[in-house]
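Only one structure is covered here, and it is reproduced in the block below.
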Amino acid sequence: MSLKLKNQENNTLTLALNQDKILKGLNTEQADAVKSLNGPLIIVAGAGSGKTKVITHRIANLLDNGIAPWNILALTFTNKAAKELKHRIATLVGENLSDKIWAGTFHSVFARILRYEAKEIGYDSNFTIYDADDQLAAIRSVMNMEGVSQQHYPPQQIRSFISNAKNQMIDAKEYNSKAINSLDKQVGFVYKHYENYLRQNNAMDFDDLLLNMIYLLGKSQDVLNKYQNKFKYILVDEYQDTNKAQYIVINQLSKAHQNICVVGDDAQSIYKWRGADIRNILDFQKQYPYAKIVRLEQNYRSTKTILEAADSLIKNNKNQIPKTLWTQNKQGDLIEVISCDDEKDEASKIVNNIVKSIGKYRDIRDFAILYRTNAQSLFLENALRFAKLPYVIIGGISFYKRKEVKDALAYIKILVNHYDAESLLRIINEPPRGLGNTSLQHIKEYSKNNNITLYEAFNQADMNSHLQGRAVTAAKKFINLIDKYKTDLENDNIKQTVMNYLDDTGLAEMYKEIGTEEANDRWNNIQQVISDITTFIKENPESTLGDYLQQISLLSDYDEKDTSGNHVTLMTLHSAKGLEYPTVFIAGLEQGLFPLIRGGESDKDDLEEERRLLYVGITRAEEQLYLSYAQRRTKFGETQFAMPSSFLREIDLNTLNWPSLKRMTEKKEQSERQLGINTLNKIANKGYNEYSQVNDDYSYSQVPSQAKAPAPKQESYKVGDIVNHSMFGRGMVTGMKGDGDMKQAIVRFDKFGKKNLMLKFAKLEKIK
DNA sequence: TAAAAAATCGTTTTT
DNA sequence: CGATTTTTTA
């Protein structure tokens, strides 16, 4: 009796202590959200409103109220977010509890479940996950096998059609039944065969991880019950970016207990292009009429000026939940709008700004440079390198997307899942092993005719009458290699096996033979894969090679980069979501680039999403914000003139310091009067090279422009000469005219058509 | 069959 | 322009 009482006292005591810790430092709305544990709850969390704090404290509160951690499912947008979530919960309630929470991305959590339940849906548990590149390669293979012309139907386009269909949960059967025109029919045809191909390969693409999860839950009431009871409390972060399939899984899982909490901000929805459906968040209260709604509108991150700017911009969107962010922070500095000549000038102005304030009131890690497209990073990198500032680029070419790394991984994938024909084809001639296209074609046909896997067709090479003796030997040798290490893998330790295996593949020899620095780098990257595996096995002693593959296939570049070091951070606006920096630069605010307009057409919704993207960018800044644009920019090796982004004009002028605005307006009016903007552009494009030559010696304050390679002096050309031009590329000389300084060559370029070039300026190089 | 040359394509943004 | 894919040639 007394013992029981004592226990109770202790419990109450710990509870009280934790409750104190859990609710400490929260404002009224935040505390409200943290205390609302049961039933549907939507938290509309504005930028910088302490969203992560609320999520972590709410989960801590669930645990504190005796909910078992394994009954909690937290779905986040990135692995990194999940990791941070766990970490922050751990500081509140300890690692013992936080480690047992199911926290991860949709894809990683579902992959984990699907491996466990693979048999239920007719897969092997060691299935391979195809990323977008693998997906494309697989579609190419299918089109090849089924004889669909890749000229008429670009695989890239087919891929995106199929992926979009999957995002909307339309399977091949349904797609085919709805296909009217010939394109749709062809896509449907490829789709059907692609689905079969994936199953044959025991592979799933990213979209399948969601679809198969739905399929699994719909398979039987037992399975559904099992997971409904497992995940009694569900939390979804970044809910505005969920798609239809994700919505359905969440809906199914939470049906029984209705303990579903979603967190998001419709103003930060930036993934419509990937199938995100903003209606999920807008209609949450329709789906759950009894849902409680909590709005977090106090911003703790930015100055008043920055918030006002963001607010004035987003007001231009029609489809938006009206809300007012407010802050107690100081008014802060005006936002600087910087006009630049070109991307080089832009880069140096940004970097010089950084250099100026480092050491005074800023550290290197306080800066982030954001841009719309990855391609923009190049000039910024150059300027940062010149200024000797350490920097890290998030995104871009991921380590795991490098050719040699993918090759090495394909070798390993084959070991784990030998049904995976894509991986097999990828490495069959890496290095070349005497199996050319003809032999390969025969083996593929054999596998198709006998309805066996490609691996098996290789294995039966000696039964294939079309194959030459040499090809049979080569195929057998290849199969023996894989079989040997498959066996080794079962007996020996993973690290040693993988090392021997990759050595035995001939990759090392191949790269050593090439001998260039690049080849050396590539081999080093493969070594890096091996040490990556070693680390993984060390950290997860019970794990298999398959577990390793699973982990990395769902890891984005964003997750692996260390963002804690002291460096400037460069990334796209999309990657910047959820982050914050004292000083933020947003580069390339030009019409056409941001908002990005591709292929001429863009509808209202696209423009609104671009606007939200800028909104996300602006609200990353704590104290200082710089917006820059260049007057000309090189795209696809061609220089284009650009107008400042229309978004700049939507931002409240009272929040901006835009010195060149007035001057620009005058100049623009003047030139439009004189020439008309079209003529201006025409002249500019035609004579750009000469123009740039004359103006090349800009005077930079701290980061000068990089000197261009000197143009080779070439006196004359004759008709028929093949020449190379630094900007227009390859072309053929079709005529000459003028004399002396005025001497010009008429060149028909492969890509840019006919141009008259003054030899005095043009950097022509004779090829033939 | 494999290396070299030529042509083509692409740039949004990512799990 | 640069990377990748296709075609040509040895």
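First the proteins, then the strands, lettered A, B, ... as listed; each starts at 1. As a basis for the values below, the full set of heavy atoms in this structure was taken, side chains included, without hydrogen atoms, waters or symmetry mates.
Taking atom CD1 of residue A:Ile586 and atom P of nucleotide B:dT13, one finds them 17 Å apart after rounding to whole Å. Counting to the nearest Å, the P atom of C:dT5 and the CG atom of A:Leu425 are 14 Å from each other. Atom P of nucleotide C:dA3 and atom CD of A:Gln156 are separated by 18 Å, given to the nearest angstrom. Between the CG atom of A:Leu613 and the C1' atom of B:dT11 there is a distance of 15 Å, rounded to whole Å. A:Glu608 places its CD atom 22 Å from the P atom of B:dT13, with the value rounded to the nearest Å. To the nearest angstrom, P of C:dT4 lies 9 Å from NZ of A:Lys403. Atom CZ in A:Phe206 sits roughly 13 Å away from atom P in B:dT14 (whole-Å rounding). Put simply, CE on A:Met213 is 16 Å from C1' on B:dT15, counting in whole angstrom units.
Between A:Lys413 and A:Asp134, at least one side-chain nitrogen of the basic residue sits less than 4.0 Å from a carboxylate oxygen of the acidic one, meeting the salt-bridge criterion.
When distances run from any side-chain atom of A:Tyr271 to the nucleotides B:dT15, B:dA2, B:dT14, the shortest one goes to B:dT14. Of the candidates B:dT14, B:dT15, B:dA2, B:dT14 carries the atom nearest the A:Thr572 side chain, counting heavy atoms from C-beta on. Set against B:dT1, B:dT13, B:dT15, the side chain of A:Thr373 has B:dT13 as its closest nucleotide. With B:dT13, B:dT11, B:dA2 as the choices, the nucleotide that has an atom nearest any side-chain atom of A:Pro432 turns out to be B:dA2. With distances taken from any side-chain atom of A:Ala375 to the nucleotides B:dT15, B:dT13, B:dT11, the minimum falls on B:dT11.
Defined by atom type and a distance below 3.5 Å, a donor-acceptor pair is present between the side-chain atoms of A:Thr105 and A:Ser108. With hydrogens and angles left out, the side-chain atoms of A:Thr76 and A:Glu238 include no donor and acceptor closer than 3.5 Å.
In this structure, A:His107 has its ring center closer than 6.0 angstrom to the ring center of A:Phe206. Two rings, from A:Tyr271 and A:Phe77, have their centers less than 6.0 Å apart.
Contact check, A:Thr78 against B:dT14: no side-chain N or O comes under 4.0 Å of OP1 or OP2. Regarding contacts with the backbone of B:dT13, a side-chain N or O of A:Asn374 is found under 4.0 angstrom from either OP1 or OP2.
Each of A:Asp266, A:Thr242, A:Asn243, A:Asn251 was compared with A:Asn280 under the side-chain hydrogen bond (donor to acceptor under 3.5 Å, both in side chains) criterion, and only A:Thr242 meets it.
For the pair A:Glu84 (side chain) and A:Ala81 (backbone), a donor-acceptor distance under 3.5 Å is absent.
A heavy atom lying under 4.0 Å from DNA chain B marks none of the residues of residues 128-145 of chain A.
Using a 4.0 Å heavy-atom distance criterion, A:Ser108 is classed as making no nucleic acid contact. Heavy atoms of A:Phe77 sit under 4.0 angstrom from primed sugar atoms or phosphate atoms, though from no base atom.
Of the residues near DNA chain B, A:Ala471 and A:Pro154, the one whose nearest nucleotide (by heavy atom distance) lies more toward the 5' end is A:Ala471.
Both distances falling under 3.5 Å, in either a Watson-Crick or a G-U wobble arrangement, occur for no nucleotide opposite B:dT11.
Taking the C1' atom of each, C:dT6 and B:dT11 are spaced 22 Å apart, rounded to whole Å.
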* CA sep, side-chain torsions, deciding dist, call: A:Asp265, A:Lys51, salt bridge (charged side-chain N to carboxylate O under 4.0 Å, His left out) -> CA-CA 10 Å; A:Asp265 178 6; A:Lys51 180 190 72 172; over 6 Å; no

